[in-house]
Amino acid sequence: MVRLILPPLAPPKWLFGPAWGLLYILLGIYCANLSFVKNNRHILYTYMYVQLTLNIFWTVVFFSFSNFLFATIMIVVMDILVMAIIWIDRRPIKLLLVPYLLWLLFATYLSVSVLVLN
């Protein structure tokens, strides 16, 4: 197993499970409420499910393939898609995505840092 050089703000490993557990609950609530969207329904569905697909494959690309460049590109696309969702969706429920976006931005910092340091 290759040891990665981690950036100074890398969180402890135990934090990832609880953080993702909470984030997936918030994402699930948001996604369950997509069926109530009146305007821009198709684009919101598309952006949400593309970014969720990227999220799933990011783990494989980053950890299994150690392709830090492609993983970084993927997470930047996720950032953009989630920001677009928050911008486009006029419903207050979009605020459930803010913690996810903040975590993604932090994960982007980690991904870019691992790319640069390794």
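The figures that follow rest on heavy atoms only: side chains count, while hydrogens, waters and symmetry mates do not.
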Strictly distance-based, threshold 3.5 Å: is any side-chain N or O of [X] a donor or acceptor partner for the main-chain N or O of [Y]?
| X | Y | value |
| --- | --- | --- |
| R91 | F36 | no |
| D89 | I85 | no |
| N33 | I29 | yes |
| N67 | V61 | no |
| S113 | Y109 | yes |
| N40 | I43 | no |

Between atom [atom1] of [X] and atom [atom2] of [Y], what is the distance when rounded to the nearest 0.5 Å?
| X | Y | atom1 | atom2 | value |
| --- | --- | --- | --- | --- |
| T53 | M78 | OG1 | CE | 10.5 Å |
| N39 | L44 | CG | CG | 9.5 Å |
| I88 | L81 | CD1 | CG | 9.5 Å |

Cluster overlap [X] with [Y], hydrophobic side-chain contacts below 4.5 Å:
| X | Y | result |
| --- | --- | --- |
| W87 | M83 | yes |
| L117 | F62 | no |
| V112 | I80 | no |

Legend entry - More than 12 heavy atoms of other groups within 6.0 Å of F57 CZ: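 Counting neighbours around CZ of F57, 12 or fewer heavy atoms of other residues, nucleotides or ligands fall under 6.0 Å, so no.
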Taking all atoms of both residues into account, what is the closest heavy-atom pair of [X] and [Y], and its distance?
| X | Y | result |
| --- | --- | --- |
| M74 | L54 | CE-O, 3.5 Å |
| P7 | L110 | CG-CD2, 3.6 Å |
| I93 | Y30 | O-CD1, 3.8 Å |
| L15 | P11 | CD2-CB, 3.6 Å |
| Y100 | V82 | CE2-CG2, 3.6 Å |
| Q51 | L27 | NE2-CD2, 4.4 Å |

Should [X] and [Y] count as side-chain neighbours, where that means a heavy-atom distance under 4.5 Å?
| X | Y | result |
| --- | --- | --- |
| V114 | I5 | no |
| V76 | T108 | yes |
| P99 | L22 | no |

Inset, instruction - Please test I86 against L101 for side chain to side chain contact (heavy atoms under 4.5 Å, CB included), starting from the C-alpha separation and ending with a verdict. - result: CA-CA 9 Å; I86 292 170; L101 177 60; 3.9 Å; yes
Inset, instruction - Before giving the answer on side chain to side chain contact (heavy atoms under 4.5 Å, CB included), spell out for Y24 and C31 the whole-Å C-alpha distance, their side-chain angles and the decisive distance to 0.1 Å. - result: CA-CA 10 Å; Y24 278 127; C31 287; over 6 Å; no
Legend entry - Ring centre gap for W20 and F16 strictly below 6.0 Å: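 W20 vs F16: aromatic centres not under 6.0 Å.
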Inset, instruction - Go through the steps to decide whether L34 and R41 satisfy the test side chain to side chain contact (heavy atoms under 4.5 Å, CB included), and finish with yes or no. - result: CA-CA 7 Å; L34 277 174; R41 174 184 272 182; over 6 Å; no
Inset, instruction - Apply side chain to side chain contact (heavy atoms under 4.5 Å, CB included) to the pair F68 and V116, showing each step before the final yes or no. - result: CA-CA 9 Å; F68 306 131; V116 170; over 6 Å; no
Legend entry - Aromatic plane relationship, W103 with F106 - under 30° parallel, 30 to 60° tilted, over 60° perpendicular: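 If you compare the ring of F106 with that of W103, the planes turn out tilted.
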